[in-house]
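Notes follow once the structure below has been shown.
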Amino acid sequence: MAVITISRQFGAGGITLGKKIANALGYTFADSDILQRVAKEANVSTHWVESFEKEAGSKLSRMISSMVSKRWLERVLADERGYLDEQIYLDYLVLIIAQFADEGDVVILGRGSQYILNDHPDAVHILLVNEFENRVQFMMDRYDMSRKKAERTVVNEDRRRVSLYKRLGKSDYENPQLYHLVLNMGRLDLETARDMVCSLVEHKVAMKPA
């Protein structure tokens, strides 16, 4: 079993490539599945969880401890709440990403998973990068956006990503030493990138002691 985390510059094709890798290996692709599990555990709507994906960055430093807070455990054991605040969301997120990793055979998209699972023995961490213009064109081609909307989306998401990692206390999110493989998607097609990741994962699995 293996777990693959995909970190990326926005518009570098993380969702598209992640799905291709998952399909090729027969793995689960964990993106919206993470939101659904958080919503189920917290007994709230997925829409509510999605709002925390956008707004909870200011407290995401708690994720990096890779520990579920005692306060969270006490609350969950005490009642079924149907309520979500930022700290509950973050604690659930850490726990659920760890659960996906322990289940294995999964591709996890973003959400600081390369940090949460930094020491996971079966994890393979991938980073996707590309030039700004290529990322804009990718959004236009894949999501039928106008150039103006695609440029605005990429700029805004880049800013949000930088802000997120600053609040995590991390400035090294594009440091290649964090990753097993860094892919420049301006120099690779999606199928070649998929094959490279699959080959790396299959090699890692084959080399794992029985």
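Numbering of residues begins at 1 and proceeds along the displayed sequence.
Looking only at side-chain heavy atoms (C-beta outward), Asn184 and Arg187 come within less than 4.5 Å of each other. The closest side-chain heavy-atom distance from Asp105 to Thr28 is not below 4.5 Å. Between Phe29 and Val106, every side-chain heavy-atom pair lies at or beyond the 4.5 Å cut-off. Glu174 is not listed as a side-chain neighbour of Val182, based on a closest heavy-atom distance of 4.5 Å or more. You'll find the side chain of Gln177 stays beyond 4.5 Å of the side chain of Asp172, heavy atoms only. Under the 4.5 Å side-chain criterion, counting only non-hydrogen atoms from C-beta, Ser7 is in contact with Tyr179.
Evaluation of the side-chain hydrogen bond (donor to acceptor under 3.5 Å, both in side chains) rule for Asp119 yields no partner, not counting sequence neighbours.
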Fill in: Stepwise salt bridge (Lys or Arg N to Asp or Glu O under 4.0 Å) check, Arg37 with Glu103
CA-CA 14 Å; Arg37 283 202 192 184; Glu103 290 166 9; 3.0 Å; yes
Discussion item. Let's go through Leu117 and Val3 carefully: what are the C-alpha distance in whole Å and the side-chain angles of both, what is the deciding distance for side chain to side chain contact (heavy atoms under 4.5 Å, CB included) to 0.1 Å, and is it a yes or a no?
Written reply: CA-CA 9 Å; Leu117 303 176; Val3 52; 4.1 Å; yes
Worksheet item: side chain to side chain contact (heavy atoms under 4.5 Å, CB included) between Ile108 and Phe100: does it pass, once the steps are laid out?
Response: CA-CA 8 Å; Ile108 300 176; Phe100 269 111; 4.0 Å; yes
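Glu157 and Gln9 share no donor-acceptor pair across their side chains, judged by distance under 3.5 Å alone. A side-chain donor-acceptor contact under 3.5 Å links Thr192 and Asp189. Judged by distance alone, the side chains of Asn118 and Gln114 never bring a donor and an acceptor atom under 3.5 Å apart.
Taken to the nearest 0.5 Å, the CZ atom of Phe132 stands 11.5 Å off from the CZ atom of Phe10. Of the inter-residue distances, the one linking Leu200 atom CG with His180 atom NE2 reads 7.0 Å to the nearest 0.5 angstrom. Remark: Leu109 CG to Asp33 CG distance equals 11.5 Å, nearest 0.5 Å. Interatomic distance, Lys149 NZ to Asn156 CG, rounded to the nearest 0.5 Å: 11.5 Å. Interatomic distance, NZ of Lys20 versus CG of Asn23, reported as 8.5 Å (0.5 Å rounding). Here NZ of Lys204 is found 11.0 Å from CD1 of Ile4. Values are rounded to the nearest 0.5 Å.
Salt-bridge formation is detected for the pair Arg111/Asp31: a Lys NZ or Arg NE/NH1/NH2 atom is positioned less than 4.0 Å from an Asp or Glu carboxylate oxygen. Under the 4.0 Å criterion applied to side-chain N and carboxylate O atoms, Arg147 and Glu133 are assigned as salt-bridge partners.
Summarising the local packing, CG of Asp144 is surrounded by 12 or fewer heavy atoms from other residues, nucleotides or ligands at distances under 6.0 Å. Within a 6.0 Å radius of CD in Glu131, no more than 12 heavy atoms belonging to other residues, nucleotides or ligands are found.
If you run side-chain contact (heavy atoms from CB on, under 4.5 Å) between Leu183 and each of Ile6, Leu127, Ile126, Val129, only Ile126 comes through.
At distances below 3.5 Å, at least one donor-acceptor pair connects side-chain atoms of Arg135 with backbone N or O atoms of Asn130. Judged by distance alone, the side chain of Thr16 and the main-chain N or O of Gly13 form no donor-acceptor pair under 3.5 Å. Proximity of a side-chain donor or acceptor of Tyr92 to a complementary backbone N or O of Glu41 within less than 3.5 Å is detected.
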